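Start at 1 and go down the list; that is how both ligands and their atoms are numbered. All values derive from a computational prediction rather than experimental measurement.
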Amino acid sequence: MRTQIPQPVIATLAALEKAGFEAYIVGGCVRDLLLDKPPKDWDITTDARPEALLEIFPDSFYENTFGTVGVKVPPFLPGKTDTREHDIIEVTTYRSESGYTDHRRPDSVTFVSTLEEDLARRDFTMNAIAGKVTQPEKNGQEKSSRTISSEECEITFIDPFHGQEDIRAQKIRAVGVATERFSEDALRMMRGVRLLSELSQAPKGGTKSASPWVIEETTLSAIRSEAKTLSRVSQERIRDEFSRIILSDNAMEGVALLQSTGLLASIIPELEEGVGMSQNLHHIYSVWEHNLRALATCPSQKLEVRLAALLHDVGKPRTKRGEGYRATFYNHDHVGGRMTRAILTRLRYPKPIVDKASLLVDQHLFYYNVGEVTEASVRRLIRRVGLENMDDLMAVRIGDRLGSGVPKAKPYKLRHLEYMIEKVSKDPLSVGMLAIKGTDLMGELGMTPGPMIGAILDVLLAEVIEEPKNNTKPILLERAALLARQDLKLLRKQAQEKIHEERAAEDAKIKKGHWVE
Ligand code: ATP
Ligand code: MG
């Protein structure tokens with residue numbers, strides 16, 4: 001195969017060969033080249049030991065735990081916009097792995113002497129192909145070392161496990177005996193599902209690929225039989241693969257496959273409670289299928305929003321009352337919000353992701369009916385959710401609606417809500433938007449710094465959310481002077497009630513109409 005190879009990759013391979021070692025490109029980059037996709041990163045495998053690598057590449061570092069040396073090269077990878085000083089090419093010494101007692105990482109790494117032994121320890125045949133890169137004869141002038149370019153090279157493949165055949169047939173097949181490979185490292189099963197979700201990218205233009213990728217049969221049945229051992233893999237490794245599935249074009253198919261193979265039970269067992277659980281007259285899908293479809297139709301590409309779409313009804317199985325058309329799921333939004341927090345915390349997602357996704361699940365059921373809902377209630381909704389989160393909440397709701405089989409993505413109701421949000425977004429929605437500040441209370445009313453000031457501002461906010469035209473300095477100061485005479489506890493209670501009392505009224509409407517989208 002002749003193809004373009006970035007200069008830093010050519011230079012790294014050349015430096016190894018010049019020092020008398022073997023060097024090949026390997027793994028994901030070779031797979032991507034064969035698929036005619038630009039590789040995300042480039043990995044090199046070699047018979048040089050880490051100590052030798054550190055000598056050949058002075059600007060490199062030894063990632064001790066994995067026996068991999070990172071070589072710093074001038075930035076060349078596409079698709080990254082930040083101004084970074086260098087990219088890393090990972091160079092790994094031929095090795096085999098032995099003993100995975102904790103199902104997380106090998107107990108020890110043994111260096112081996114041949115490329116074939118190294119390829120044999122890799123997960124799937126399509127990832128176990130090495131490429132020997134031959135530089136073309138340089139004709140004429142040398143390129144300046146400062147320009148990062150690609151050069152057309154000849155690549156010869158070393159492919160003892162017939163990965164190219166599997167790539168052509170769009171098959172994901174374990175290297176060697178599948179059950180053994182999965183019992184060595186259970187994460188490989190999830191990598192298989194992740195690769196499937198990522199590889200079956202829908203071609204541009206919207207229609208899905210005519211022949212999707214599949215997991216080869218023996219490999220698939222090995223995943224089924226070994227699925228339980230995934231529970232011994234660290235949550236962080238599981239999380240990283242899970243996120244990639246959620247963000248892929250085929251997120252729904254990927255998560256469905258996690259469930260049907262038994263892997264989901266070790267990731268988010270709570271979602272399985274909804275499998276086969278019927279809903280009520282508003283729904284044609286089971287709770288599980290509706291969650292999946294909400295993920296598939298959620299228009300956002302943000303991880304936290306997509307997680308919220310998948311988990312938005314996770315609280316339904318635990319709140320279901322009654323059966324058949326009249327079944328109800330009161331409070332499933334808040335129960336689901338709490339479950340989402342527990343699930344994502346367990347999976348070690350960073351706090352901002354956990355906070356955002358659980359807020360979106362908790363608030364996904366907001367009541368909105370054109371004509372019935374006032375501007376003040378829209379301001380209260382924004383106050384609860386945060387103006388900066390409204391687009392994301394809307395994306396969850398669109399997934400929720402489309403995922404229930406309702407044909408229009410943005411029915412009139414949601415479009416009207418967007419208009420209302422726009423309209424009230426200049427109104428006071430947070431303490432910072434009030435016409436007076438804490439310093440005014442101290443300066444004009446002679447108050448001393450303390451919790452009383454915060455409590456007064458909260459009450460004032462609750463009041464101007466109902467009546468924005470009162471957001472003027474004289475009116476607020478006059479009101480503050482009255483409030484300053486009240487008890488602190490009472491004030492706090494007042495602020496809370498103002499914001500939440502109407503919510504209770506809205507919840508009641510939701511219950512009354514069995515309005516459980
Ligand atoms: P991508 O970079 O698109 O995520 P990749 O296949 O390159 O895909 P990496 O995690 O970069 O994935 O791994 C590089 C290579 O290392 C893989 O192609 C595979 O050959 C090998 N590999 C990675 N993880 C494992 C594993 N758990 N078990 C066996 N081999 C693995
Ligand atoms: Mg890679």
Side-chain angles (χ1 to χ4, degrees), residues 6 9 24-35 37-46 63 65-70 77-80 87-100 102-107 109-110 112 115-131 157-161 163-164 166-167 172-201 213 219 222-223 226 229-230 232-234 236-249 254 263:
V9 177
Y24 300 89
I25 52 172
V26 72
C29 62
V30 176
R31 181 191 72 221
D32 290 343
L33 287 178
L34 286 163
L35 288 166
K37 284 188 189 170
K40 283 193 295 296
D41 51 31
W42 294 76
D43 296 327
I44 290 176
T45 186
T46 179
E63 296 169 6
T65 39
F66 301 108
T68 295
V69 169
L77 292 170
K80 297 182 183 171
D87 276 334
I88 305 287
I89 294 182
E90 294 201 330
V91 184
T92 308
T93 307
Y94 296 162
R95 60 181 205 189
S96 67
E97 292 157 358
S98 55
Y100 287 71
D102 68 352
H103 289 257
R104 285 169 198 203
R105 50 184 59 131
D107 300 338
V109 169
T110 315
V112 295
L115 174 65
E116 282 71 16
E117 287 170 276
D118 179 81
L119 293 177
R121 60 99 182 165
R122 293 175 185 269
D123 49 6
F124 299 103
T125 60
M126 62 181 179
N127 288 343
I129 309 171
F157 296 107
I158 296 91
D159 182 13
F161 302 101
Q164 291 171 93
D166 284 332
I167 288 177
I172 297 174
R173 182 196 306 270
V175 170
V177 181
T179 45
E180 283 173 20
R181 308 317 311 287
F182 296 151
S183 68
E184 285 166 2
D185 179 8
L187 189 75
R188 288 172 185 158
M189 299 185 279
M190 256 191 108
R191 281 178 56 89
V193 176
R194 185 263 283 180
L195 286 160
L196 182 88
S197 316
E198 287 186 340
L199 287 170
S200 302
Q201 297 294 24
W213 282 70
T219 306
I223 295 182
E226 297 297 314
T229 60
L230 182 67
R232 286 178 254 167
V233 171
S234 76
E236 287 84 351
R237 291 180 83 204
I238 291 179
R239 173 202 62 205
D240 289 347
E241 296 299 329
F242 189 68
S243 298
R244 290 184 65 166
I245 295 171
I246 293 288
L247 289 169
S248 74
D249 265 13
L263 291 166

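Contact atoms of ligand 1 toward D41: 2 (O) (distance under 4.0 Å to a heavy atom of the residue). Close approach to G27 involves these atoms of ligand 1, each under 4.0 Å from a residue heavy atom: 18 (O). In summary, the atoms of ligand 1 found under 4.0 Å from a heavy atom of R122, numbered by their order in the structure, are 15 (C), 16 (O), 19 (C), 20 (O), 21 (C), 29 (C), 30 (N). Heavy-atom proximity to K40, at under 4.0 Å, picks out these atoms of ligand 1: 3 (O). Heavy-atom contacts of D43 reach the following atoms of ligand 1: 11 (O), 14 (C) (cutoff under 4.0 Å).
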M126 and I172: CA distance, side-chain angles, deciding distance, side-chain contact (heavy atoms from CB on, under 4.5 Å) verdict = CA-CA 7 Å; M126 62 181 179; I172 297 174; 3.9 Å; yes

Dump the intermediate steps for side-chain contact (heavy atoms from CB on, under 4.5 Å) on V112 and R121, then the final yes or no.
CA-CA 11 Å; V112 295; R121 60 99 182 165; over 6 Å; no

Set out, in order, the CA-CA distance, both residues' side-chain angles and the distance that settles side-chain contact (heavy atoms from CB on, under 4.5 Å) for V69 and E90, then state yes or no. CA-CA 6 Å; V69 169; E90 294 201 330; over 6 Å; no

| message | Using side-chain contact (heavy atoms from CB on, under 4.5 Å), reason through R191 and D185 one step at a time and then give a plain yes or no. | response | CA-CA 11 Å; R191 281 178 56 89; D185 179 8; 6.0 Å; no

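Taking CG from D166 and CZ from F124, the interatomic distance works out to 11.5 Å, rounded to the nearest 0.5 Å.
The closest approach between a heavy atom of R31 and any atom of ligand 1 is below 4.0 Å. Residue L187 places no heavy atom under 4.0 Å from ligand 1. Ligand 1 is never approached by E198 to a heavy-atom distance shorter than 4.0 Å.
The Mg ion (ligand 2) lies at 2.8 Å or more from every N, O or S atom belonging to D43.
For V26, no heavy-atom contact with ligand 1 is shorter than 4.0 Å. Counting heavy atoms under 4.0 Å from ligand 1, residue N127 touches it through both backbone and side chain.
With a 4.5 Å cut-off on side-chain heavy atoms, L263 and F242 do not count as touching. The closest side-chain heavy-atom distance from L119 to V26 is below 4.5 Å. Residues L199 and K37 form a side-chain contact, since some pair of their non-hydrogen atoms from C-beta on lies under 4.5 Å apart.
Ion pair D240/R237 not flagged as a salt bridge, since none of the NZ, NE, NH1 or NH2 atoms sits closer than 4.0 Å to an Asp/Glu carboxylate oxygen. The pair E236-R239 fails the salt-bridge criterion, with no side-chain N (NZ, NE, NH1 or NH2) lying under 4.0 Å from an Asp/Glu carboxylate O.
Looking at R191, E241, R194, R244, it is R191 that brings a heavy atom closest to atom 24 (N) of ligand 1. Between the choices R237, M189, R188, the shortest heavy-atom distance to atom 26 (C) of ligand 1 belongs to R188.
No other N/O/S atom of D41 lies as close to the Mg ion (ligand 2) as OD1 does.
Checking only distances, G28 does come within under 3.5 Å of ligand 1, N or O to N or O.
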